[in-house]
Amino acid sequence: MKRPLKYGALTAFGAHQYDTWVGDRVVNRNLRAVWAAILTTYDYKFCLDAKDPNSASQVHARVAQRWFDVCAGNGGLYIKLGQSCQQLNHVLPVEYTSLFNQMFDAAPPVSKEDVYRVFAREFGGETPESVFASFDPTPIASASIAQVHKAYTKEGKKVAVKIQKPYIEKQIPWDLRCYRFLVFALEKIFDLPMYWTVDSVCKSIREEADFRQEARNADRARLGLPKESTAYIPEIYPEYTTKRVLTMEWIDGVKMTDTEGIKKLGFSVPKVMDMVIRTFAEQIFLTGFIHADPHPGNVLVRASPQSTSEPQVVLLDHGLYVEANERFRKEYCKLWRSMVLMDMDGVRDICLSWGVADSEFFASMQLLKPFRPSKGAVHIANTTIDDILKMQLGLKERVKNLLNDTKLVPRELILLGRNMNIVRSCNKAMGSPVNRVAIMATYANRGTYSLNPLAELAERQQGMKDQTNSLISEVSQHFRRTYTEVAFRAQLLLIDFFYYSTKVLQKLNTLLGRESKNFEELLEEGIADTIEAKLGFRINLDDKGHAFG
């Protein structure tokens, strides 16, 4: 009996060592994640007492720390998972968001030897010094799947060289299998619709790991920028780009959330944030080709080369994109337009065609604000504590019953939602300098009738321009557009009125020496204690008292 145990222990130890030193830890990492999921299930099924805030807070803190350790220890795609948790600061308890805020600094670089090994494999055995005029082996940035080095081409161009970390290629297939298993298991355990998202997420991650796809995304996104755009996408150098190495134009700038850096450049923070939101609104509502990872490190601000007195927004890291088909783009524009106009029939029709049963809750998820048709047009003002409380208290049941038929749900919503939430999170982190909802709604209105520049380009190339509209039809459409445009603009003016009223009130309070808070902060502070008593945790209450985004 002792001998089999001895051999079993030796075999297990040998397998562990092989996986650690040769197998890129693919087994160890995923076993750690599965074990964490088992403990998490036990905590929330048997240890959480929603009626006891202290007990609930302890469970949240314990689970958050467990998953932070898993993400930081596993690295790779798990770092990206941790960063996503931090950006869900309008949903997750503060125990998660405060801890996972550190995850943006938790992607350590790999060694010089690892970098050179990957580079040699991609460039036929050559070193970076033989391909470039100069190459700095010390990375300037390290992310979840790659790190960036500064270099100069032999033509004298300053470039950023993005090199994939060596273990990513082997880890991704195993990580995605583990992800599929965990989502399937959690769907069954907590009885929530989750697994329908898996195929799209896995496809996107596999594409993100191929830097040739990132180069194609950057070129296509650049084509979609309007001539008057204040955004810029750096040039990609295909002769220095492979599946695991990408070389692009070097850009000097500051992160979009670096308010002090923006001010030092001589630019207005509200103006910059307005440009950022308009840039992504153009992608979402006009071209349907959408950057799905616009976190602060991927959006820089610099002085425009054309006019140094004007800011320019620079979009980096084009690995994770979603391309919406024309039908979805138009329907999504109409959804936003219907929400602003309080056209509940329009909202319900679109939701039903997408397999969504709870149109009001779905609208709230898209606006990232409580949506109450009975209140009229204002989504930013006139929202009471009871509105938000009811939305939060019924969260699980509403999510459970949200989707009627997951086969009908447009997969574009998954990554589009990621973009919207990251932009919302950044706007809030900067003190909500602009009216995000009104800007998005304006572009949704434009997108309802505008031609997609990328689709139009494809039509021109294929000689398929449609000229079948009759004169009578065009005149009829013109009058309908004019009427609805007037109504839409009136609703936006009402939204803006309440938004700027809160700004004026803030200024007056500051001048009078009173505590100054914006409208959303006043709502957040008022609901935090009530929700904590009902749910057992404080929704997104950070050190500044912010609770609901």
Side-chain angles (χ1 to χ4, degrees), residues 80 122 131-132 139-151 153 155 157-165 168 203-253 255-256 275-276 278-284 286-302 304-306 312-324 329 412 415-416 418-419 422-423 452-458 461:
K80 191 175 288 291
E122 294 298 300
V131 172
F132 297 102
I140 59 161
S142 177
S144 55
I145 68 172
Q147 59 191 49
V148 180
H149 297 257
K150 185 190 298 184
T153 68
E155 294 76 29
K157 296 178 180 177
K158 188 178 181 181
V159 294
V161 184
K162 179 178 176 180
I163 301 178
Q164 191 174 110
K165 294 178 178 178
I168 293 297
K203 178 177 180 290
S204 298
I205 289 173
R206 283 193 294 267
E207 289 179 351
E208 187 179 11
D210 186 343
F211 293 169
R212 296 168 299 184
Q213 181 63 44
E214 179 174 349
R216 289 190 289 269
N217 288 344
D219 291 340
R220 184 160 174 75
R222 193 181 300 109
L223 285 175
L225 293 176
K227 291 180 181 179
E228 69 278 7
S229 176
T230 55
Y232 180 76
I233 294 173
E235 181 182 354
I236 303 293
Y237 298 100
E239 65 272 31
Y240 302 114
T241 296
T242 68
K243 183 178 180 180
R244 302 174 74 195
V245 176
L246 180 138
T247 304
M248 57 172 263
E249 172 188 359
W250 180 272
I251 298 292
D252 287 306
K255 292 181 180 180
M256 67 169 169
M275 291 166 58
V276 169
R278 289 181 187 278
T279 296
F280 292 120
E282 286 171 353
Q283 290 189 336
I284 292 168
L286 302 186
T287 70
F289 194 59
I290 307 154
H291 195 309
D293 196 21
H295 66 74
N298 287 342
V299 184
L300 301 184
V301 179
R302 68 172 182 176
S304 172
Q306 287 74 38
Q312 185 180 66
V313 173
V314 182
L315 305 185
L316 307 178
D317 194 350
H318 300 271
L320 194 60
Y321 262 72
V322 56
E323 181 153 23
R329 184 186 72 83
E412 292 94 334
L415 292 182
L416 187 156
R418 176 181 169 85
N419 172 293
I422 294 175
V423 171
N452 181 339
L454 290 177
E456 195 176 12
L457 177 64
Q461 291 171 343

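If you're wondering where the values come from, they're calculated on a predicted model, not measured in any experiment. The first residue of the sequence shown is numbered 1, and numbering continues consecutively from there.
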>> If the test is side-chain contact (heavy atoms from CB on, under 4.5 Å), which one of Leu225, Leu315, Val322 qualifies with Gln283?
In response: Leu315
> Would Glu282 and Arg278 satisfy salt bridge (charged side-chain N to carboxylate O under 4.0 Å, His left out), going step by step from the backbone distance to the final call?
Replying inline: CA-CA 6 Å; Glu282 286 171 353; Arg278 289 181 187 278; over 6 Å; no
> Is there a donor-acceptor contact under 3.5 Å from the side chain of Glu207 to the main chain of Gln213?
Replying inline: no
>> With a 3.5 Å distance limit and no angle check, can you tell me whether Arg222 reaches the backbone of Ile233 through a side-chain donor-acceptor pair?
In response: yes
> Does the side chain of Val314 come within less than 4.5 Å of Pro234's, by heavy atoms?
Replying inline: yes
> With sequence neighbours left out, what residues match Phe211 under ring pair (Phe, Tyr, Trp, His ring centres under 6.0 Å)?
Replying inline: none
>> Can you confirm whether His291 sits close enough to His318 that some side-chain heavy atom of one is under 4.5 Å from a side-chain heavy atom of the other?
In response: yes
>> Do Met248 and Leu316 have side chains that approach each other closer than 4.5 Å (heavy atoms only, starting at C-beta)?
In response: yes
> Where do Arg329 and Thr287 come nearest, in terms of heavy atoms and distance?
Replying inline: CD-C, 3.9 Å
>> Does the structure place the NZ or CZ of Arg220 under 6.0 Å from the centre of the six-membered ring of Tyr321, at an angle of no more than 45° from the ring's axis?
In response: no
> By side chain to side chain donor-acceptor pair (under 3.5 Å), which residues pair with Tyr237, not counting sequence neighbours?
Replying inline: none
> Does Asp293 pair with Arg418 as a salt bridge, N-O distance under 4.0 Å?
Replying inline: yes
>> Give me the atom names and distance for the closest heavy-atom approach of Ala215 to Leu246.
In response: N-CD1, 4.0 Å
> Roughly how far, to the nearest 0.5 Å, is the OG1 atom of Thr247 from the CD1 atom of Ile163?
Replying inline: 8.0 Å
> What heavy-atom pair brings Phe280 and Pro294 nearest, and what distance separates the two atoms?
Replying inline: CZ-CB, 3.3 Å
> Which atom pair, heavy atoms only, marks the closest approach of Val161 to Ala151?
Replying inline: CG2-CB, 3.8 Å
> Does Ile290 reach the side chain of Leu415, with side-chain heavy atoms less than 4.5 Å apart?
Replying inline: no
